[in-house]
Amino acid sequence: MEKKYSPSNLEKKIYEKWMENDCFSPKEFKSNYSIVLPPPNVTGTLHMGHAFQHTIIDILIRYNRMLGKSVLWQPGTDHAGIATQIVVENNLKQSGKTRQSLNRDDFVKEVWKWKEKSGNTIINQTKRIGSSADWKRNRFTMDDELSDAVQKVFISLYDKKIIYRKNRLVNWDIKLQTAISDLEVSNIEKEGLLFFIDYDVVDSKEKITVATTRPETLFGDTAVCINPKDERYMHLINKYIQIPFIKRKVPIIQDESIDMNFGTGCVKVTPGHDFNDYKLGEKHKLDTINILNKNGTLNSEVTKDLVDINIHDARELVLRKLEKENRLVKKEKYKTSIPVGDRSGEIIEPLLTDQWFMKMDGLAEPAIKAVKDGHIKFVPKNWEKVYFNWLENIEDWCISRQIWWGHRIPAWFDNKGNIYVGNDENQVREKYKLDKNLKLTQDQDVLDTWFSSALWPFTTLGWPEETNEFKNFYPTNVLVTGFDIIFFWVARMVMMGLKFTNKIPFKTIYIHGLVRDSEGKKMSKSLGNIIDPIDIIDGINLQDLLDKRTSNLVQPKLEEKIIKKTKIEFPDGIKPYGADALRFCFSALASTGRDINFDLNRIEGYRNFCNKLWNASRFVFMTVDLKEYNQKINYESLSLYDKWILTRLNDIISDYKKHFSSFRFDLIAGSLYSFIWYEYCDWYLEIAKIMIARGVDSTKDTLINSLQLILKLCHPIIPYITEEIWEEMHKRNYTPDELLINSKFPLQQKLFLDNAVSMNVNTVMDIINSIRKTRSDLNIHPKMEVDVYFLSNQPNYESIIKENDFIIQNLAKVNKIFWNEKSYNIKDCITITLKDLKALIPIKKIIDVDQELSRLKKNLSLLESLLDKVNQKINNKDFIEKAPSSIIKENLDKKDNIQKEIISINELMKYLSD
RNA sequence: AGGCGCGUAGCUCAGCUGGUUAGAGCGCCACCUUGACAUGGUGGAGGUCGUUGGUUCGAACCCAAUCGUGCCUACCA
């Protein structure tokens with residue numbers, strides 16, 4: 001083994017070794033375990049969230065592989081329709097081209113080129129993190145097989161009338177010129193104005209005032225609505241009003257949904273440009289008038305002076321016109337929320353268009369049931385509430401998009417607008433028995449990207465073919481994903497899975513938190529706080545980091561701020577920490593359902609941990625000679641400390657399994673960290689040095705044996721370093737297993753169940769600790785040895801101390817140990833009490849009696865306050881009556897021990913004061 | 001408006017089913033370049049667990065209220 005732990009060299013080498021040995025592909029089908037990767041978008045590179053998610057998945061995968069299961073991690077990427085199209089369009093812009101300047105075919109070719117590049121980057125990044133995915137089975141949502149499956153699903157749902165085409169109000173993104181689903185719209189709260197506008201009542205001199213935030217849509221009004229109970233307007237029932245400027249006559253209607261207390265209690269109804277009004281229009285059979293072109297300008301339904309004006313500019317113009325006619329009664333400040341497209345960032349307009357929809361209620365019901373009946377479990381459980389809430393109020397899904405990149409909708413139209421759905425034109429003609437001369441054109445639209453994602457768990461496994469993988473690995477075991485896509489993806493996968501495979505797509509949904517920056521802010525390009533996981537693995541200098549964070553900024557004015565902040569947070573750039581440290585850090589931070597504030601300081605601690613493990617292994621290999629490992633350990637003949645470390649390892653294995661079943665990777669990481677550092681390294685290895693020096697050869701066996709167990713336990717979290725150390729293990733013939741990744745996870749052994757072992761070891765440790773503390777309190781130089789006089793009438797102390805005197809001497813720097821000998825001068829001694837054991841340390845200079853007294857006094861008062869607490873409990877009648885006996889006993893023991901120690905101290909203080 | 005979280009050491013977070021002298025990492029202080037490791041060792045300082053009330057023999061943990069904070073969904077003429 002190399003003397004220095006340097007992750008960058010060994011990680012690349014080890015990954016290649018796994019690939020060469022084909023370690024990631026399942027070799028058979030028995031006790032199958034599978035996870036499908038949530039396919040990253042081919043929009044560029046992976047971020048910390050991906051790295052976190054991939055780490056969690058890989059931990060699960062590696063653990064289950066080591067349990068001896070046939071394991072498949074199915075990887076792949078998503079074409080991410082709109083998102084990818086935007087990226088490629090932006091790239092074209094750099095060379096002065098636009099999507100429209102190419103034709104559709106050429107543009108799609110450009111996107112495929114980009115997909116190759118981005119897809120490869122993503123795969124390579126995923127590999128660097130250590131992901132043991134089956135790369136031979138890598139899939140892309142637009143692969144031929146997956147596209148065929150998408151078509152099959154579309155056609156089948158169309159034939160069942162679950163998919164339908166309709167002219168309906170949808171969210172229209174003016175910038176992207178496409179419909180989007182309601183999930184892709186965010187509402188942003190903004191300070192706005194509420195306008196009060198007078199409309200003329202027909203055949204009357206009366207006016208009626210409506211309140212609106214969108215005066216510019218008045219050209220699309222097809223009614224004015226009041227509450228039927230509103231007495232102010234009773235006399236206007238069955239009358240009409242006239243829309244300003246265009247003088248169209250529209251009815252005054254009544255509906256209970258109108259809030260009499262808001263505004264004037266009188267609402268303009270614009271079914272063509274407002275979702276609520278659309279519903280109201282359907283209910284009252286109103287006309288729907290569209291006043292908007294698809295590019296966001298007004299059409300010929302408005303007054304001539306406003307035609308072709310952008311709708312946002314039109315508001316001011318309409319208000320001015322209204323003012324001129326004295327119709328603008330007043331303006332009020334009003335907080336309103338504005339719909340904004342997630343991808344474009346532009347204001348979304350409700351627009352009447354022809355779109356494809358999927359009818360959702362029938363699909364949602366079984367998806368709700370699958371979770372209610374416990375076939376699918378959410379971890380943590382509370383996310384199921386979010387899931388239910390959405391599914392129970394689900395609306396039909398607009399699945400068509402007016403973009404070029406994606407799965408083209410398999411529908412053809414004739415010139416009368418009839419719809420024919422099928423695999424291709426020929427098949428359609430056959431299916432619908434169409435005349436040869438009937439001209440057909442295929443729908444230009446593509447499907448929403450989430451349509452194909454919804455099929456991902458089974459299409460990647462070969463569905464609709466009955467492949468071995470589909471038969472054996474579906475349903476998958478766990479879906480690991482973020483809460484932000486429960487609606488977009490998780491719920492839809494459940495619905496489609498149940499519909500097409502009659503099975504749930506996964507048994508458990510593990511929802512993880514979002515990775516944020518160290519201040520809890522979301523990592524985003526525009527905030528300039530993104531950290532590339534690869535930069536944590538390989539390191540990056542400050543200049544490169546600054547360049548990365550400030551290139552291609554949407555708002556270049558933020559550059560200065562980003563540079564300043566980055567310089568403060570990373571004055572020297574980022575050091576290379578290696579993938580293992582990053583993974584350990586993620587694991588330690590993966591407490592359920594909580595967002596992660598990623599702090600580089602923390603990762604440093606875990607890199608140090610890797611270094612610790614590295615050096616501990618080096619020590620073990622340096623200590624044990626090549627042929628000294630006896631694989632058949634005779635447990636009974638082991639020393640106390642060998643027994644102890646194996647007992648502790650057994651405990652750790654049992655915790656480990658428990659925590660795995662509840663997905664508490666943080667607890668696993670924590671328990672490994674503290675065990676390896678504070679028990680294995682700080683105590684066991686130090687003791688092993690002493691044992692071996694005394695010729696206890698069986699300790700060598702335990703050194704190797706315990707290190708092997710440790711490596712196995714650590715491997716799922718830190719696969720690289722453990723595999724590298726294992727290489728040495730195998731080289732030395734200490735194990736028949738060539739690769740750790742394929743080795744079997746340790747079983748709990750039923751050894752040493754008597755707790756005498758750990759009790760004795762704990763006593764020795766307590767003794768050593770208190771001597772060390774006292775030495776430190778008195779500033780005794782670490783190298784200076786002292787004598788210790790132990791005094792006690794407890795025979796078990798005698799045997800423990802006498803049997804382990806060499807350990808105490810060595811680890812507490814003690815010269816001579818005396819048992820119940822009184823050849824000391826109390827005035828020269830510093831005293832330690834431990835239950836009913838006293839330890840006296842004579843020090844060379846005469847001690848300062850007052851100082852020693854005050855030291856003891858301090859100790860005493862601490863003990864007395866503890867005793868008070870315990871006494872309060874024990875003297876409480878209710879406590880004795882109601883508390884469980886084990887707790888009572890615990891407290892009684894505690895009282896006993898404290899009292900013994902107090903007595904010892906009092907005795908000493910008495911001696912000293914005399 | 002409704003829902004879900006969060007508030008514990010200077011910072012980032014654990015604390016599992018109510019019983020601990022409330023823990024970890026980083027940072028801080030003192031001593032130590034001891035043969036695995038200074039990316040280290042030994043010892044230490046640092047907390048009225050947001051606030052108030054309640055339940056309980058016993059509350060960081062359960063309940064209620066409240067303050068602060070974050071997110072999600074819906075509505076908004």
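Below, chain A is the first sequence line, B the second, and so on; all start at residue 1. Below, each value reflects all heavy atoms present in this structure, side chains not excepted, and no hydrogens, waters or symmetry copies.
- Rounded to a whole Å, the CD atom of Q809(A) is 22 Å from the P atom of U34(B).
- For K4(A), the side-chain atoms get nearest to U39(B) when compared with the rest of U21(B), G43(B), U39(B).
- The side chain of R618(A) contributes no N or O atom lying less than 4.0 Å from OP1 or OP2 of G40(B).
- Not one side-chain nitrogen or oxygen of N611(A) sits closer than 4.0 Å to the OP1 or OP2 atom of G40(B).
- Aromatic ring centroids of F584(A) and F665(A) lie 6.0 Å or more apart.
- The same atom, P, is picked in A9(B) and in A14(B); the two are 12 Å apart, to the nearest Å.
- When distances are taken from the side chain of H659(A) to each of C16(B), C32(B), G43(B), the shortest belongs to C16(B).
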* **Which nucleotides of RNA chain B pair, in dot-bracket form (Watson-Crick or G-U under 3.5 Å, | meaning another strand)** => (((((((..((((.....[...)))).(((((.......))))).....(((((..]....))))))))))))....
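- If you take atom P in U48(B) and the same atom in A1(B), they sit 34 Å apart, rounded to whole Å.
- Within 4.0 Å of C681(A), counting heavy atoms only, lies at least one base atom of the nucleic acid.
- Taking only side-chain nitrogens and oxygens, K882(A) never comes nearer than 4.0 Å to OP1 or OP2 of G58(B).
- Atom CD of E881(A) and atom C1' of G58(B) are 14 Å apart (whole Å).
- Annotation: side chain of Y5(A) is in contact with side chain of D580(A) (closest heavy-atom distance under 4.5 Å).
- Taking the six-membered ring for Trp, F52(A) and F598(A) have ring centres at least 6.0 Å apart.
- Along RNA chain B, the nucleotide nearest S617(A) and the nucleotide nearest W677(A) are compared for position; the residue whose nucleotide lies closer to the 5' end is S617(A).
- Phosphate proximity of C31(B) to K783(A): absent, as no side-chain N or O sits under 4.0 Å from OP1 or OP2.
- With G70(B), U20(B), C16(B) as the candidates, the nucleotide lying closest to the side chain of K873(A) is U20(B).
- Distance CZ (F488(A)) to C1' (C72(B)): 12 Å, rounded to an integer number of Å.
- Remark: E191(A) CD is packed, more than 12 non-hydrogen atoms of other residues, nucleotides or ligands lying under 6.0 Å away.
- Across all strands shown, R775(A) has no heavy atoms under 4.0 Å from either base or sugar-phosphate atoms.
- Test W390(A), F378(A), F483(A) against W383(A) for ring-ring contact (aromatic ring centres under 6.0 Å, His included) and you get one pass: F483(A).
- Rounded to the nearest Å, the gap between the C1' atom of G10(B) and that of C29(B) is 14 Å.
- In the interface, the side chain of K3(A) is not paired with the base of A36(B) through any donor and acceptor atom under 3.5 Å apart.
- Residues W614(A) and K385(A) each lie close to RNA chain B; by heavy-atom proximity, the contact nearer the 5' end of the strand is made by K385(A).
- Distance CG (L183(A)) to P (U73(B)): 8 Å, rounded to an integer number of Å.
- In the set C72(B), A14(B), A36(B), the nucleotide with an atom closest to the side chain of L685(A) is A36(B).
- Contact annotation: N393(A) does not reach the phosphate of U73(B) (side-chain N/O to OP1 or OP2, under 4.0 Å).
- Residues that satisfy the side chain to side chain contact (heavy atoms under 4.5 Å, CB included) test with T623(A), not counting sequence neighbours, are F619(A), I692(A), L703(A).
- The closest side-chain donor-acceptor pair between D221(A) and Y199(A) falls under 3.5 angstrom.
- As a whole-Å value, the separation of K889(A) NZ from G19(B) P is 19 Å.
- Relative to the side chain of P782(A), the nucleotides C32(B), G43(B), C57(B) differ in distance, and C32(B) lies closest.
- With N171(A) contributing its side chain and P350(A) its backbone, the two residues share no donor-acceptor pair below 3.5 Å.
- Regarding W683(A), its CH2 atom lies at a distance of 18 Å from the C1' atom of A36(B), rounded to whole Å.
- Taking atom C1' on both U21(B) and A60(B), the two are 15 Å apart, rounded to the nearest angstrom.
- Taking atom P in both G19(B) and U12(B), one finds a spacing of 27 Å when rounded to whole Å.
- At the phosphate of U42(B), neither OP1 nor OP2 sits under 4.0 Å from any side-chain N or O atom of K813(A).
- A74(B) and U56(B): their P atoms are spaced 43 Å apart (whole Å).
- As rounded to whole Å, 11 Å separates atom P of G43(B) from atom CG of L811(A).
- Rounded to whole Å, the P atom of U33(B) lies 15 Å from the corresponding atom of U42(B).
- Counting any heavy atom pair closer than 4.0 Å across all strands shown, D277(A) reaches no nucleic acid atom.
- Minimum atom distance to the side chain of A883(A) is reached by G19(B), of the listed A14(B), G19(B), A36(B).
- Within 4.0 Å of K773(A), counting heavy atoms only, lie sugar-phosphate atoms of the nucleic acid but no base atom.
- Side-chain proximity of R516(A) to the nucleotides C37(B), G70(B), G44(B) is greatest for G70(B).
- L194(A) comes within 4.0 angstrom of the backbone, heavy atoms only, and of no base.
- Residue N608(A) places at least one side-chain N or O under 4.0 Å from the OP1 or OP2 atom of G40(B).
- Less than 6.0 angstrom separates the ring centroid of Y673(A) from the ring centroid of W677(A).
- With rounding to whole Å, F483(A) atom CZ is found 7 Å from C72(B) atom P.
- We find the CD1-NZ distance between I197(A) and K330(A) to be 13.0 Å, quoted to the nearest 0.5 Å.
- With C32(B), U42(B), C37(B) as the candidates, the nucleotide lying closest to the side chain of D682(A) is U42(B).
- Nucleic acid contact class of Y606(A) (heavy atoms, under 4.0 Å, all strands): none.
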* Output, in order, the C-alpha distance, side-chain angles, deciding distance and verdict of side chain to side chain contact (heavy atoms under 4.5 Å, CB included) for E604(A) and K575(A). => CA-CA 9 Å; E604(A) 187 147 339; K575(A) 282 184 252 172; 3.4 Å; yes
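- Here, U8(B) and U69(B) have their P atoms 14 Å apart, quoted to the whole Å.
- For R607(A) against U39(B), a side-chain N or O and a base N or O form a donor-acceptor pair under 3.5 Å.
- For Y673(A), the listed nucleotide lying nearest its side chain is G25(B); candidates were G19(B), G25(B), A36(B).
- The side chain of E686(A) has C37(B) as its nearest neighbour among C57(B), U73(B), C37(B).
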